[in-house]
There are 2 protein chains.
Amino acid sequence: MLEMAILGLLNEAPMHGYELRKRVLAVFGGFRALSYGSLYPALKRMREQGWICGQDPDDASRVLPADAPPLTGKRGKVVYALTAEGKERFQELLTEGGPEAWEDERFGVRFAFFAQTDADVRMRILEGRRRRVEERRDGLRSSLARTRQRVDRYTLELQSHGLDSIDREVRWLSELIDHETVDRRQIDGTNSQPPKSTT
Amino acid sequence: MLEMAILGLLNEAPMHGYELRKRVLAVFGGFRALSYGSLYPALKRMREQGWICGQDPDDASRVLPADAPPLTGKRGKVVYALTAEGKERFQELLTEGGPEAWEDERFGVRFAFFAQTDADVRMRILEGRRRRVEERRDGLRSSLARTRQRVDRYTLELQSHGLDSIDREVRWLSELIDHETVDRRQIDGTNSQPPKSTT
DNA sequence: AGTGCGATATATCGATCCGATACAACGACG
DNA sequence: CGTCGTTGTATCGGATCGATATATCGCACT
């Protein structure tokens, strides 16, 4: 979810599209890129939605709402910032913990803003993600077991390495879940909350 | 490169689109998926290119070349097989070792057919891929070093885990390259080939 | 003083691929 | 005898990429 990434980063500070892209590359670089071909259309859509507004830094009076001209010819620079609706929308996204949140691409973005997410939503997403990744691991594992004898060295190497990566992610997620559980227990201990069942 | 994946798998054995998809999931599952939304249009394109042909298994006489009808209504099953041009095209792809071959998605597919690729092309691709991944690693590493103090626990965790994954890939590639080098030395020793510079 | 390169910056275009969905036939199972 | 899961083909809209065009700015080199 590109939309959430943009809202989240603009929530930290207003910036140019260009800057936005560099930040995305730095934060999500291990998982996802962000091309201009998605960025600028996304910014346009979001401006139309009213979630962000663009402002010309050379002429502060010239605010660019929904219907701004395409800036052809002499192009101005635009600093984007969240509107009230944008902040609202971001908060709304933070509370969503449905199955979409633990799909490959979404999860990375979702996780990057965990610090602003409620503990129970964090837990739901981490456990959902783990289930998801375990499923894939099991599928790959059995497929590998079946074909092990029949394939060449390189295919085997590729599948083994893929399986290792997935195994590592499961372990990483388990560590995070353990950590969350400890945090929760500490809160429960001092705050006497009932121990919620995490389904 | 979806095209190469299909050609490569059909080179092993003719099969249905559906089967093709399952094989792709099994072999590349750790890296890439394959949706029907890409598969069937791709098969159609490739049939138009003359690389593959489809044949109705219930009526072997009914071969489906380039301009076959969309099979609406009563849909027949289609077994796809490589044509002579298709085999040629696949061999051609196997010899290509340019920069495209070591980009994220391409590399996995490329690597899966390494057993049918020349040793020097294998080496070029492995080293190119390693350079590519090292670049990303260094970018991420310095970005992480710069922001380490300023970000929250989850962002840090995400970036660290991403960096670890990339580090692991570099090590994996290095092991493969070492192995290739050993193989080459053995051939050079017994076969007295001149030690090629791998630029 | 010129010049030329790399970074900053906005924007679009075509192509690729995904996700969801529809449709249909077949076999297993109760 | 129905109905559920698997096999199987196909399309649609939407998201995203990769390449490219354009323009400005600062800095180094000559």
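Any value given below was found using the heavy atoms of this structure, including those in side chains, with hydrogens, waters and symmetry copies removed. Naming: A, B, ... by sequence-line order, numbering from 1 per chain.
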- prompt: Any idea which of C:dA9, D:dT11, D:dT7 is nearest the A:Tyr18 side chain?
  reply: C:dA9
Quickly work out the [X] [atom1] to [N] [atom2] distance and round it to whole Å.
{"X": "B:Phe28", "N": "C:dC18", "atom1": "CZ", "atom2": "P", "value": "13 Å"}
{"X": "B:Tyr80", "N": "D:dG8", "atom1": "OH", "atom2": "P", "value": "13 Å"}
{"X": "B:Arg21", "N": "D:dG8", "atom1": "CZ", "atom2": "C1'", "value": "12 Å"}
{"X": "B:Lys44", "N": "D:dA10", "atom1": "NZ", "atom2": "P", "value": "9 Å"}
{"X": "B:Leu25", "N": "D:dT7", "atom1": "CG", "atom2": "P", "value": "12 Å"}
{"X": "A:Tyr40", "N": "C:dC13", "atom1": "OH", "atom2": "P", "value": "16 Å"}
{"X": "B:Phe31", "N": "C:dC18", "atom1": "CZ", "atom2": "P", "value": "16 Å"}
{"X": "A:His16", "N": "D:dC25", "atom1": "NE2", "atom2": "P", "value": "13 Å"}

Could you list the donor-acceptor pairs under 3.5 angstrom formed by side chains in residues 17-27 of chain B, with sequence neighbours left out?
| unit_1 | atom_1 | unit_2 | atom_2 | d |
| --- | --- | --- | --- | --- |
| B:Glu19 | OE1 | B:His16 | N | 3.4 |
| B:Arg21 | NE | B:Leu34 | O | 2.5 |
| B:Arg21 | NH1 | B:Tyr36 | OH | 3.4 |
| B:Arg23 | NH2 | B:Glu12 | OE1 | 2.7 |

- prompt: If only atom types and distance count, is the side chain of B:Thr83 paired as donor or acceptor with the main-chain N or O of B:Gly50 below 3.5 Å?
  reply: yes
- line: Closest to the 5' end of DNA chain D, once A:Arg45 and B:Pro41 are matched to their nearest nucleotides, is B:Pro41
List every contact pair, protein side and nucleotides 17-19 of chain D side both N or O, where the distance is under 3.5 Å.
| unit_1 | atom_1 | unit_2 | atom_2 | d |
| --- | --- | --- | --- | --- |
| D:dC17 | OP1 | A:Ala33 | O | 3.4 |
| D:dC17 | OP2 | A:Ser35 | N | 3.2 |
| D:dC17 | OP2 | A:Ser35 | OG | 3.1 |
| D:dC17 | OP2 | A:Ser38 | OG | 2.3 |
| D:dC17 | N4 | A:Gly37 | O | 3.4 |

message: Counting only heavy atoms not in A:Arg148 (residues, nucleotides, ligands), do more than 12 fall under 6.0 Å from its CZ?
response: no
task: Report the relative orientation of the aromatic rings in A:Trp172 and B:His161; use parallel for angles under 30°, tilted for 30 to 60°, perpendicular for over 60°.
output: parallel
Among A:Arg137, A:Arg136, A:Arg129, side-chain contact (heavy atoms from CB on, under 4.5 Å) partner for A:Glu169: A:Arg129
- prompt: With distance as the sole criterion, is a donor-acceptor pair present between the side chains of B:Thr181 and B:Asp178 under 3.5 Å?
  reply: no
query: CD/A:Glu92 to CE/A:Met4 distance, rounded to the nearest 0.5 angstrom?
result: 11.0 Å
message: With a cut-off of less than 4.0 Å, is there a side-chain N or O of B:Lys22 near OP1 or OP2 of D:dT7?
response: yes
